[in-house]
Asks: 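Structure in structure tokens, see below.
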Amino acid sequence: MQELRMYLEFSRKAFQRSAAYRFDAWTRLFSNIIFLFMWGFIWYGLYAGKEDVGGITFEAMLSYIVISQMLQGIHGAGTPLWEIQERVRSGDIAMEMMRPYDYPTRTLFSDFGNILFHMLTAVLPLYIVLFWLIDLQTPTSLLQWGVFVLSAILGYLIRYSIELTFGLFTFWLIETGGVEDIFYFSISLFSGSVIPLWFFPDWLEMVARFLPFQGIFFVPNAIFVGQLQGEAMVYALFVQVVWLVICFSLLRWVWSKASLKIVVQGG
């Protein structure tokens, strides 16, 4: 219990820090709105004159994009990959290791504080208004809402595990521009953040199904718009849990190895 209170304090401090730099939240929100309109107009053009594409209506697709951008806005409030890499390069990570807490857990709870502030002050107000003004497809039952929230949380934890693992690779690689490019390319393509997996060519969809990234955005988005229901929804949640266990276990293994290898560059 004492340990939990310590980590919750990190969440509180992160919330206060975000409140002190609230302009950052609004700039993130502005960027999120730009991408929302950009992808909305792109899909509007692709659907021009068509009631549906591949059995997916424009209303469902627009709802998919809106909820995806909302989740991306929430994810964006977490610790970015470059910040983790910079902590390793500068040697700040060594100070973290000397303190009486677990660095990956501290990072997660700090992210919770940042995300909570970002959600309350920027994301939720904007998207509540959007869903009120625009006739979008939403969950039709409390169960669907609950499963969506659960899936969204699992998706964030999968991303957290993968992103922190990629960041810790800096212990061995020093120059990690290529690693960063691979991470963001994989997230943007295989997570289904802007293009749902059901529009992928068969071979690419098969590749995506065997990767953890689909659990970050595609699964919660598809549950939200009702494209995953019944047994398919339960199976998708099961796959998310399996990937979370794998990714988190990999993170803990990489962290245990990184703890034994401190490389300080320029400091």
Side-chain angles (χ1 to χ4, degrees), residues 11 32 36 39 43 52 54-78 108-109 111-112 115-116 118-120 122-132 134-163 187-200 205-206 208-249 251:
S11 298
N32 190 258
L36 174 62
W39 284 106
W43 283 105
D52 64 79
I56 308 298
T57 65
F58 176 68
E59 180 187 1
M61 191 60 234
L62 183 60
S63 302
Y64 182 101
I65 290 297
V66 169
I67 202 64
S68 183
Q69 286 299 313
M70 187 189 82
L71 291 179
Q72 289 181 66
I74 293 172
H75 285 215
L108 179 61
F109 275 83
D111 285 356
F112 287 161
I115 288 171
L116 181 60
H118 196 62
M119 283 182 60
L120 294 178
V123 174
L124 286 182
L126 169 66
Y127 284 91
I128 287 174
V129 171
L130 276 178
F131 276 94
W132 180 64
I134 307 173
D135 185 21
L136 297 173
Q137 192 168 316
T138 59
T140 56
S141 68
L142 288 176
L143 176 62
Q144 188 179 355
W145 274 108
V147 173
F148 161 70
V149 171
L150 173 61
S151 180
I153 293 172
L154 291 172
Y156 175 76
L157 292 175
I158 291 172
R159 174 170 181 155
Y160 152 80
S161 299
I162 297 173
E163 191 160 17
I187 287 286
S188 60
L189 177 62
F190 294 114
S191 70
S193 58
V194 291
I195 303 176
L197 267 58
W198 55 65
F199 287 143
F200 282 19
E205 181 179 2
M206 183 175 297
R209 297 286 185 184
F210 283 95
L211 295 173
F213 304 104
Q214 60 163 322
I216 299 175
F217 294 119
F218 174 73
V219 173
N221 293 350
I223 291 173
F224 187 89
V225 300
Q227 290 299 313
L228 281 176
Q229 297 181 357
E231 292 183 4
M233 181 175 66
V234 173
Y235 177 75
L237 285 174
F238 171 74
V239 171
Q240 275 187 298
V241 171
V242 170
W243 274 118
L244 176 57
V245 171
I246 293 172
C247 292
F248 185 74
S249 298
L251 166 61

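Since this is a predicted model, take the numbers as computed values, not measurements.
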Asks: In the structure I gave you, are the side-chain heavy atoms of Tyr127 and Leu36 within less than 4.5 Å of one another anywhere?
Replies: yes
Asks: Walk me through it: do Ile134 and Leu62 pass the test side chain to side chain contact (heavy atoms under 4.5 Å, CB included)?
Replies: CA-CA 10 Å; Ile134 307 173; Leu62 183 60; 4.3 Å; yes
Asks: Taking side-chain hydrogen bond (donor to acceptor under 3.5 Å, both in side chains) as the definition, give me every residue that meets it alongside Gln137, ordered by chain and number, with sequence neighbours left out.
Replies: none
Asks: Side chain to side chain donor-acceptor pair (under 3.5 Å): which pairs involve residues 210-233, sequence neighbours left out?
Replies: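 Non-adjacent pairs meeting side chain to side chain donor-acceptor pair (under 3.5 Å): Ser68-Asn221.
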Asks: In chain order, what residues pass the ring pair (Phe, Tyr, Trp, His ring centres under 6.0 Å) check against Trp43, with sequence neighbours excluded?
Replies: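 Ring pair (Phe, Tyr, Trp, His ring centres under 6.0 Å) list for Trp43, sorted by chain: Phe199.
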Asks: Which donor-acceptor pairs under 3.5 Å do side chains of residues 153-160 form with protein atoms, sequence neighbours excluded?
Replies:
unit_1	atom_1	unit_2	atom_2	d
Tyr156	OH	Asp111	OD2	2.9
Arg159	NE	Glu163	OE1	3.3
Tyr160	OH	Pro104	O	2.5

Asks: Measure the spacing between OG of Ser191 and CD of Gln72 and express it to the nearest 0.5 Å.
Replies: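 That separation rounds to 7.0 Å.
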Asks: Mind checking salt bridge (Lys or Arg N to Asp or Glu O under 4.0 Å) for Glu205 and listing every partner two or more places apart, or none if nothing turns up?
Replies: Arg209
Asks: Among all residues two or more places apart in sequence or in another chain, which pass the ring pair (Phe, Tyr, Trp, His ring centres under 6.0 Å) test with Tyr235?
Replies: none
Asks: Could you list the donor-acceptor pairs under 3.5 angstrom formed by side chains in residues 237-245, with sequence neighbours left out?
Replies:
unit_1	atom_1	unit_2	atom_2	d
Gln240	OE1	Ser151	OG	2.8
Gln240	NE2	Ser151	O	3.0
Gln240	NE2	Ser151	OG	3.3
Gln240	NE2	Gly215	O	2.7

Asks: Where do Phe200 and Leu189 land on the side chain to side chain contact (heavy atoms under 4.5 Å, CB included) test, with the steps shown first?
Replies: CA-CA 10 Å; Phe200 282 19; Leu189 177 62; 4.2 Å; yes
Asks: For Trp198, enumerate each residue passing the ring pair (Phe, Tyr, Trp, His ring centres under 6.0 Å) test, keeping only those at least two apart in sequence or located in another chain.
Replies: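 With sequence neighbours excluded, Trp198 shows a ring pair (Phe, Tyr, Trp, His ring centres under 6.0 Å) to Tyr64, Phe218, given in chain and number order.
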Asks: So which atom in Gly73 and which in Val123 form the shortest heavy-atom distance, rounded to 0.1 Å?
Replies: C-CG2, 4.4 Å
Asks: Is the distance from the ring center of Phe131 to that of Phe224 below 6.0 Å?
Replies: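 Close enough - the centres of the two rings lie under 6.0 Å apart.
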Asks: If you round to the nearest 0.5 Å, how far is NE2 of His75 from CD1 of Ile216?
Replies: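 Result: 7.5 Å between the selected atoms.
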Asks: Atom CG of Leu251 and atom CD1 of Ile246: how far apart are they, to the nearest 0.5 Å?
Replies: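 Interatomic distance, Leu251 CG to Ile246 CD1, rounded to 0.5 Å: 14.0 Å.
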Asks: Mind checking the CG-CE spacing from Leu211 to Met206? Nearest 0.5 Å is all I need.
Replies: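 The distance works out to 12.5 Å.
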Asks: With heavy-atom distances below 4.5 Å as the criterion, would you say the side chains of Pro212 and Ile162 are in contact?
Replies: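 Of all side-chain heavy-atom pairs linking Ile162 with Pro212, at least one is under 4.5 Å.
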Asks: Go through the structure and list residues passing ring pair (Phe, Tyr, Trp, His ring centres under 6.0 Å) with Phe109, not counting sequence neighbours.
Replies: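 For Phe109, the residues satisfying ring pair (Phe, Tyr, Trp, His ring centres under 6.0 Å) (neighbours in sequence not counted) are Tyr7, Phe112.
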Asks: Does Ser141 have any side-chain hydrogen bond (donor to acceptor under 3.5 Å, both in side chains) partners at least two apart in sequence or in another chain, and if so, which?
Replies: none
Asks: In sequence, state the C-alpha distance, the side-chain angles, and the governing distance for Val147 and Gln144, and then conclude on side chain to side chain contact (heavy atoms under 4.5 Å, CB included).
Replies: CA-CA 5 Å; Val147 173; Gln144 188 179 355; 5.9 Å; no
Asks: Less than 4.5 Å apart, any side-chain heavy atom of Gln69 and any of Val194?
Replies: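 With C-beta onward as the side chain, the pair touches.
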Asks: Report the distance from atom OG of Ser63 to atom CD1 of Ile56, rounding to the nearest 0.5 Å.
Replies: 11.5 Å
Asks: Tell me the closest heavy-atom pair linking Val225 and Ala60, and the distance in Å.
Replies: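 Nearest heavy atoms, Val225 then Ala60: CG1-O, 3.6 Å.
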